[in-house]
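Below is one structure, written out as structure tokens; the observations come after it.
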Amino acid sequence: MKFEKEMKIIKKGTSEIIPEEALIKKLEYSHKTGKPLRIKYGIDPTGSDVHIGHLVPIRKMREFQDLGHIGVIIIGDFTAQIGDPTGRDSSRPALTHEQVKQNADRYMEQIYTVLDKSKTEVRWQSEWFGKMGMADVLKLLSKFTLAQFLAHDTFRKRYENGLSLGMHELMYPVLQAYDSVAIQSDVELGATEQKFNILSGRDMQRYFNMPEQVAVLSPILMGTDGKQKMSKSLGNYIAVFDNPKEKYGKVMSIPDELIINYFNYATKLDPDEIDKIEKELKAGEINPKIIKQRLAREIVSLYHGNEEAVKAEEEFNRIFSQNKIPTDMPEMIIKEKIWIIKLLKDTKLCSSNGEARRMIKQNAVSIDGEKITNSNQEIFPENEMILKVGKRRFLKLIKG
RNA sequence: GGAGAGAUUCCCGAGUGGUCAAAGGGGGCAGACUGUAAAUCUGUUGGCGAAGCCUUCGGAGGUUCAAAUCCUCCUCUCUCCA
């Protein structure tokens, strides 16, 4: 097979390439003409936090860039006003232009931790949609039928379950499809849930007499809860902006079944190496914790370097394996006696007096390792004291 | 446009005048057990220095000693007919 090496790289951690032969042809053409391929990935600046699940396709884009191709990031300032209906059962609120701009800036900052800036092109949907009139919109819409959309699981389910489905949400795939025409993409990246949208791009390009893009689909990264896909709204995500300790801890909290999955999609490790790890894990001779710690190190070092990863691991072991206190923690200076409940609430260790009382009642609060049992207690540090709530909330109290 | 159903706490969902801060489940949090995993068990899950009081059942008014529950108007959603 031609371009075997390239295809191996592209296929790593990819769940589907549609159609595969077309991609080989494109690579071939690019090689012959010296023209880089245009690799598209669209983002909706609806939020600003990027998590490592988002980065699975971004990482793939980087691999394409390393092979000499151009990454084109589409800022979906129009689609953001719709909110991707894929996999959602309710619509999203629209955003203002200011918010979109801010989110987009922050978003780019985060994905440049992975991408090669010199080979990245950033395009806004408003460049082309901003100029369109109703006649153009109708023309785009006429390319698709309702039946096509109802064949799509997301739309059908919402329709059948009697949930609201706005007309504008049906526009989402149409807009995304036209983006491919506008930027003349050769390949579009996305998670598998994007299959419909990305394939719509092929249809749209065909209508515009353009070569059709190839869909390169990445698997969906599961969230740290191991139950649902990683998503911000579910709170089961590892953010790019999380600090090393947070990242490390979050990785350690994933269920064991996800270890290999994360190795595959969230690290740069070689597939052969991952195979080896998988065998070790299956043999059951090594404590999965050891393997998970390696995973955590790999992920942390990807964003913060090796040194930080080792530090995060030491800290983790210190707190959770040896049950010691962290090396640094927020501090608070206490000038006078303070009621324990008020202290917990004021320091935001607990969100309300009620929660503070609950925590005490449940034996979750301790000072210097001694459980607090009396919720009327007043606190005044003799020198320094460590206040602990639950397993991971710490505060150093200093006599003021 | 016509007819009907509906909106309850983080989510789903019960509740048709006082016994309702509101059943049950999910999720979350905490404790035990652990490897900060999973599973399991237990507790807890509006606010207030806790007595009692205050705010909360789509929104605004009203009836009543008393409203998630009854009435009026409004907003939104769904189903059927066109």
Side-chain angles (χ1 to χ4, degrees), chain A residues 88-94 155-169 222-229 231-238 242 244-263 281 284-297 299-300 312-326 329 337-346 348-366 369-379 387-394:
Chain A
R88 299 203 140 244
D89 50 16
S90 57
S91 0
R92 292 188 200 180
F155 293 126
R156 198 188 60 237
K157 270 192 189 140
R158 264 172 71 181
Y159 183 67
E160 284 176 354
N161 293 340
L163 296 163
S164 84
L165 179 58
M167 291 289 287
H168 67 300
E169 294 184 76
M222 291 296 278
T224 52
D225 59 0
K227 288 175 196 145
Q228 282 174 282
K229 69 167 186 170
S231 103
K232 202 184 163 189
S233 52
L234 293 169
N236 59 359
Y237 65 104
I238 301 174
D242 278 341
K245 275 185 244 166
E246 283 167 332
K247 282 202 186 78
Y248 193 96
K250 284 182 183 179
V251 174
M252 289 308 288
S253 78
I254 65 169
D256 290 356
E257 302 77 68
L258 246 51
I259 294 177
I260 295 302
N261 190 283
Y262 270 51
F263 265 118
L281 193 62
E285 282 157 19
I286 305 179
N287 185 338
K289 187 197 170 196
I290 305 294
I291 293 173
K292 211 195 272 184
Q293 289 198 301
R294 162 135 192 230
L295 173 67
R297 274 200 314 273
I299 291 178
V300 174
E313 179 161 300
E314 281 166 6
E315 187 76 358
F316 178 86
N317 286 336
R318 198 182 151 75
I319 300 172
F320 297 105
S321 304
Q322 298 162 30
N323 235 329
K324 287 186 188 159
I325 56 166
M329 66 186 100
K337 267 192 178 178
I338 181 165
W339 180 38
I340 181 71
I341 301 288
K342 189 167 165 27
L343 177 67
L344 289 170
K345 189 182 153 198
D346 288 356
K348 302 223 164 66
L349 290 176
C350 294
S351 61
S352 70
N353 286 9
E355 194 194 340
R357 285 173 190 280
R358 227 173 284 136
M359 289 299 177
I360 290 176
K361 208 160 92 189
Q362 297 183 141
N363 282 325
V365 181
S366 66
E370 294 226 5
K371 296 251 189 270
I372 303 279
T373 49
N374 177 5
S375 54
N376 289 320
Q377 192 163 335
E378 298 201 311
I379 302 297
L387 179 63
K388 184 182 176 194
V389 180
K391 279 179 195 138
R392 61 195 80 178
R393 281 174 267 177
F394 292 93

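So you know, we letter chains A, B, ... as the sequences are listed, proteins then strands, and number each from 1. Quick note: numbers below take in every heavy atom, side chains included, and nothing from hydrogens, waters or symmetry partners. Keep in mind that this is a model prediction, so the values were computed, not measured.
- The same atom, C1', is picked in B:rC81 and in B:rC20; the two are 41 Å apart, to the nearest Å.
- Pair assignment for B:rU77 gives B:rA5, based on Watson-Crick or G-U wobble hydrogen-bonding distances that are each under 3.5 Å.
- Between B:rG4 and B:rC53, the distance separating the two C1' atoms is 43 Å to the nearest Å.
- One P atom belongs to B:rA23, the other to B:rA68, and the distance between them is 15 Å to the nearest Å.
- No contact: A:I319 has no heavy atom under 4.0 Å from any strand.
- Residues A:E257 and A:M222 are not in side-chain contact: their nearest non-hydrogen atoms beyond the backbone lie 4.5 Å or more apart.
- The distance from atom OH of A:Y262 to atom OG1 of A:T224, rounded to the nearest 0.5 Å, is 5.5 Å.
- Between A:L349 and A:V365 the shortest side-chain heavy-atom distance does not fall below 4.5 Å.
- At least one side-chain nitrogen or oxygen of A:R393 sits closer than 4.0 Å to the OP1 or OP2 atom of B:rA30.
- Pair check for B:rC70 finds B:rG62; Watson-Crick or G-U wobble, both atom distances under 3.5 Å.
- Nearest nucleotide to the side chain of A:R358, out of B:rG27, B:rU44, B:rA30: B:rU44.
- The nearest whole Å value for the distance from the CD atom in A:Q362 to the P atom in B:rU45 is 8 Å.
- Base pairing of B:rU55 is not made with any nucleotide, judged by Watson-Crick or G-U wobble geometry with both donor-acceptor distances under 3.5 Å.
- The same atom, C1', is picked in B:rG2 and in B:rG13; the two are 31 Å apart, to the nearest Å.
- At a threshold of 4.0 angstrom between heavy atoms, the contacts of A:G354 include nucleobase atoms, whether or not backbone atoms are also involved.
- Using a 4.5 Å cut-off on side-chain heavy atoms (C-beta onward), A:V251 and A:V300 make no contact.
- Regarding A:Q322, its CD atom lies at a distance of 17 Å from the P atom of B:rU34, rounded to whole Å.
- Side chain of A:K292 to main chain of A:D256: no donor-acceptor pair is present (N/O by atom type, distance under 3.5 Å, no hydrogens or angles).
- Residue A:E355 contributes atom CD, which lies 15 Å from atom P of B:rU44 at whole-angstrom precision.
- Under the Watson-Crick or G-U wobble criterion, with both distances below 3.5 Å, B:rC10 is paired with B:rG26.
- Put simply, CG on A:L281 is 17 Å from P on B:rG35, counting in whole angstrom units.
- Of the C1' atoms belonging to B:rA5 and B:rA50, the separation is 43 Å, rounded to the nearest Å.
- Distance noted for atom P between B:rG25 and B:rC41: 12 Å (whole Å).
- Side-chain atoms of A:I341 and A:Q377, non-hydrogen and from C-beta on, never get closer than 4.5 Å to each other.
- When distances run from any side-chain atom of A:S164 to the nucleotides B:rU77, B:rA30, B:rC48, the shortest one goes to B:rU77.
- For the pair A:R357 CZ and B:rG46 C1', the interatomic distance rounds to 15 Å; values are reported in whole Å.
- Here B:rA50 sits opposite no nucleotide as a Watson-Crick or G-U wobble pair (both hydrogen-bonding atom distances under 3.5 Å).
- You'll find the side chain of A:L344 reaches within 4.5 Å of the side chain of A:I360, heavy atoms only.
- Using a 4.0 Å heavy-atom distance criterion, A:S321 is classed as a sugar-phosphate-only contact.
- Comparing the C1' positions of B:rG31 and B:rA22 gives a spacing of 27 Å, expressed to the nearest Å.
- For A:N236 and B:rG28, the CG to P distance is 10 Å, given to the nearest whole Å.
- Mapping A:D256 and A:K342 onto RNA chain B by nearest heavy atom places A:D256 at the nucleotide closer to the 5' end.
- Summarising the base pairing, B:rC20 is matched to no nucleotide, lacking a Watson-Crick or G-U wobble pair whose two defining distances lie under 3.5 Å.
- Close to B:rA37, at under 4.0 Å from its OP1 or OP2, lies no side-chain N or O of A:S253.
- Partner assigned to B:rU40 is B:rA32, using Watson-Crick or G-U wobble distances below 3.5 angstrom.
- Of all nucleotides listed (B:rC29, B:rG47, B:rG35), B:rC29 comes nearest to the side chain of A:M359.
- With the nearest nucleotide of RNA chain B identified for both A:K345 and A:K361, A:K361 has the one nearer the 5' end.
- The CE-P distance, from A:M167 to B:rU77, rounds to 14 Å in whole Å.
- Between A:R158 atom CZ and B:rU79 atom P there is a gap of 12 Å when expressed in whole angstrom units.
- Across B:rU8 and B:rC54, the matching P atoms stand 26 Å from one another, rounded to whole Å.
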